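To start, the structure itself, in structure tokens.
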Amino acid sequence: MPAATPPSAGRRIDALPGPSPWPLLGNLLKVDPLRMHTQLERWADEYGPLYRFRLGRRKAVVVAEPEHIATILRDRPDGWRRLRSMQTLIGEVGAHGVFSAEGDDWRRQRRLVMKAFDPPHLQRYFPSLLRVTERLRACLDAAADSGAAVDLQTLLMRYTVDVTAGLALGIDMNTQQHPDDALQGHLDQVFPMLMKRILAPFPWWRYVRLPSDRAFDRHLARVHDAVEGLIAAARERMAHDHSLHDAPGNLLEALIAARDDEGSGLSERDLVGNVLTVLLAGEDTTANTLGWTLHLLHTHRDVRDELVEEVDAVLGDDRLPSRFDVARGFEAIEQCVEEAMRLRPVAPLLILEANAATTVGDVALEPGTLAMCLMRPGAVDVRRSADAREFRPRRWQRDPGQRQDALQKASMPFGAGPRLCPGRYLAMLEMKMVLATLMHNFELVSVGTEDGSAPEERLAFTMFAMGLKIRVAPRRLH
Ligand code: HEM
């Protein structure tokens, strides 16, 4: 594995191949922000797995080699950090938390977040998860009765927000049954605006507020009101029950207890920011991964049949999975999700910034240079395996003693190293619950765009399938 060492000799970044930049805007003019990852992937085909890029005036290397990416991701928080300008932008919308924190600040917050999402917390949360899943089934029942096509992303995002809010904040938001006052509708505005601002050559919103900025401010105000209300309610609960300070039941209580603890270094702003961080981090990622998985299952009948067979065998006459069902397995579901994340990673581009002089491969980088890590090319590289572009979930079959194959090692949908996604167990649990419930109770009539064309990838911080609709029919098994 290549090591990130200070540069001595080595190639200079300007010696790398790459698209030619404009003086101030760099390569941004040639990139549509909504399709940025696919454009960068096409250039990786043309220029190779390590090429130069200019993000405005900032020098960058685009890295598509999984071994180099893993080395960079592991060398955090000391060697590399998340993009500094992204930290400022996330702070501007009041969402500064574990995702954007660095150094000791990050270490402190990371400990709290990791604990809140650990397996014992997930187990305790199971009864509430079942209730949220039951509501999803009721929504799908209604869709099956009417025969209507339902917007898949909205349906799934309401589910994921309800689950994250239940687990991390201890509240039953129920956006599935009360969509009109759904916080989720306002949260959904945050990622697209952040993406637009990250890629803006000039920070116009700091000087003039366009109508779109004013509309965004209104959404943000609703989000902050809601979050502050949640924090106030949790504080009241904790004032009545002091044991919650010593043994917090969820992330929000843990953050409040840490905030009240003198010397914790956690500010009120960090508290609000982390609530927003987990709501945002847990929403689109899981919902979009489920969307892509369902689309792939719909287009691969043989895989779908195998998965339904497994689910039927586990659930029998039950309509929803129990905690024992989930603990025992759903291996076929896990394999389908892993494979879907390999082909359609919802975080296809991670942008990092070098804290000090370093190297990537044989290229010497100055402090402040950006590494734009392309997470997909290595995992779908036909030189690693001839069937790399095909949807073959069985490649993830666990064979004791057998080493991971080259594609599995190259696939890093949850990132890598010390900042690996802390929500991965929750995400997998949610995806098992949704897919088992859906495939056991319903036929997939269609999963696709309204005009029947292949769904296009769009990047708005996370990568989603544009205009994906689902139509289901009841399976008359019960
Ligand atoms: C399929 C679903 C998900 C995917 C694909 C995903 C992917 C990722 C990725 C790629 C990162 C960056 C990792 C890195 O920098 O190395 C990340 C970070 C993070 N994710 Fe997830 N995620 C998912 C679900 C969730 C859920 C459900 C939550 C919580 C409710 C969550 C919370 C976070 C947080 C807080 C971070 C920041 C961690 C840090 O910087 O220390 N994610 N996720």
Side-chain angles (χ1 to χ4, degrees), residues 37 66 69-77 80-83 86-87 90 95-103 105-118 121-122 125 129 156-157 159-169 187 191 250-252 255 270 273-293 333-334 336-338 340-353 371 373-376 379 411-435 461-464:
H37 64 298
I69 293 175
T71 305
I72 292 171
L73 295 182
R74 288 197 188 111
D75 188 16
R76 291 182 294 173
W80 291 85
R81 51 166 295 148
R82 296 205 198 280
L83 197 60
M86 185 174 74
Q87 185 182 41
I90 290 179
H96 178 59
V98 65
F99 184 82
S100 50
E102 294 292 334
D105 226 15
W106 167 76
R107 285 189 182 91
R108 235 180 345 252
Q109 297 180 28
R110 173 90 187 180
R111 269 195 295 277
L112 291 171
V113 172
M114 284 301 282
K115 193 155 172 18
F117 290 106
D118 67 8
H121 278 85
L122 295 187
Y125 175 65
L129 177 64
L156 295 171
M157 288 206 299
Y159 176 83
T160 54
V161 162
D162 281 358
V163 171
T164 310
L167 174 71
L169 315 178
L187 277 177
F191 274 159
N250 57 48
L251 177 65
L252 178 53
L255 288 165
D270 296 335
N274 273 302
V275 170
L276 269 174
T277 297
V278 292
L279 284 175
L280 287 166
E283 186 190 9
D284 296 38
T285 45
T286 313
N288 295 347
T289 302
L290 273 167
W292 284 117
T293 308
I333 295 186
E334 226 171 270
C336 283
V337 170
E338 292 284 5
M341 293 194 292
R342 185 181 70 79
L343 294 172
R344 306 284 196 176
V346 299
L349 173 65
L350 296 180
I351 309 181
L352 303 164
E353 188 171 324
C373 301
L374 287 177
M375 305 305 283
R376 177 161 51 188
S411 179
M412 294 176 273
F414 292 111
R419 300 196 76 150
L420 181 68
C421 173
R424 61 197 184 283
Y425 299 122
L426 172 63
M428 197 48 102
L429 177 61
E430 288 177 83
M431 295 193 280
K432 282 185 183 175
M433 292 298 283
V434 171
L435 291 170
F461 220 77
T462 59
M463 189 267 279
F464 62 96

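This chain uses plain numbering: 1 for the first residue, then up along the sequence. Just so we're clear, the structure is a prediction, and the values are computed from it rather than from any experiment. Counting starts at 1 for both ligands and their atoms, in listed order. The basis for the numbers below is simple: all heavy atoms, side chains too, and nothing from hydrogens, waters or symmetry mates.
The protein non-hydrogen atom at the shortest distance from atom 29 (C) of ligand 1 is Phe117 CZ, 3.7 Å. Residue, atom and distance of the protein heavy atom nearest to atom 10 (C) of ligand 1 are Pro413 O, 3.4 Å. Of all protein heavy atoms, the one lying nearest to atom 12 (C) of ligand 1 is Arg82 NH2, 4.0 Å. The protein heavy atom nearest to atom 37 (C) of ligand 1 is Phe99 CD1, 3.5 Å. Scanning all protein heavy atoms for the shortest distance to atom 13 (C) of ligand 1 gives Arg419 O, 3.3 Å. What sits closest to atom 1 (C) of ligand 1 on the protein, heavy atoms only, is Thr289 OG1, 3.4 Å. The protein non-hydrogen atom at the shortest distance from atom 38 (C) of ligand 1 is Arg110 NH1, 3.4 Å.
Taking only nitrogen or oxygen atoms, main chain and side chain alike, Arg76 reaches within less than 3.5 Å of ligand 1. For a threshold of 3.5 Å applied to N or O pairs, the pair formed by Thr286 and ligand 1 contains no separation below that value. In terms of polar-atom proximity, defined here as any N/O pair under 3.5 Å, Thr164 makes no such contact with ligand 1.
Of the residues listed (Leu156, Ile333, Thr286), the one engaging Val434 in a side chain to side chain contact (heavy atoms under 4.5 Å, CB included) is Leu156, and it is the only one. Looking at Arg342, Met341, Arg344 one by one, the single match for side chain to side chain contact (heavy atoms under 4.5 Å, CB included) with Arg376 turns out to be Arg344.
Using a distance-only test at 3.5 Å, with no hydrogens or angles considered, no donor-acceptor pair links the side chain of Asn274 to the main chain of Thr277. Using a distance-only test at 3.5 Å, with no hydrogens or angles considered, a donor-acceptor pair links the side chain of Glu102 to the main chain of Arg82. Judged purely by atom type and a 3.5 angstrom limit, Tyr125 has no side-chain atom pairing as donor or acceptor with the backbone of Asn250. A donor-acceptor pair under 3.5 Å is absent between the side-chain atoms of Asp75 and the main chain of Thr71, judged by distance alone. With hydrogens and angles ignored, the 3.5 Å screen pairs no side-chain donor or acceptor of Ser100 with any backbone N or O of His96.
Around atom 21 (Fe) of ligand 1, the protein atoms of type N, O or S that sit closer than 2.8 Å are Cys421 SG.
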Side-chain donor-acceptor distances from residues 421-429 under 3.5 Å, at least two apart:
from	atom 1	to	atom 2	distance (Å)
Arg424	NH1	Cys421	O	2.7

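Residue Met431 approaches ligand 1 through these ligand atoms, each under 4.0 Å from one of its heavy atoms: 1 (C). Atoms of ligand 1 lying under 4.0 Å from at least one heavy atom of Val346, given by number and element, are 5 (C). Each of the following atoms of ligand 1 lies closer than 4.0 Å to a heavy atom of Val98: 35 (C), 39 (C), 40 (O), 41 (O). Heavy-atom contacts of Ala416 reach the following atoms of ligand 1: 16 (O) (cutoff under 4.0 Å). When each atom of ligand 1 is checked for a heavy atom of Val278 under 4.0 Å away, the hits are 30 (C).
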*Output, in order, the C-alpha distance, side-chain angles, deciding distance and verdict of side chain to side chain contact (heavy atoms under 4.5 Å, CB included) for Ile69 and Leu73.*
CA-CA 6 Å; Ile69 293 175; Leu73 295 182; 3.8 Å; yes

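For the pair Pro418 and Arg107, the minimum side-chain heavy-atom distance is 4.5 Å or more.
Of all non-hydrogen atoms in Ala371 and Ile72, the two that sit nearest each other are CB-CD1, 4.0 Å.
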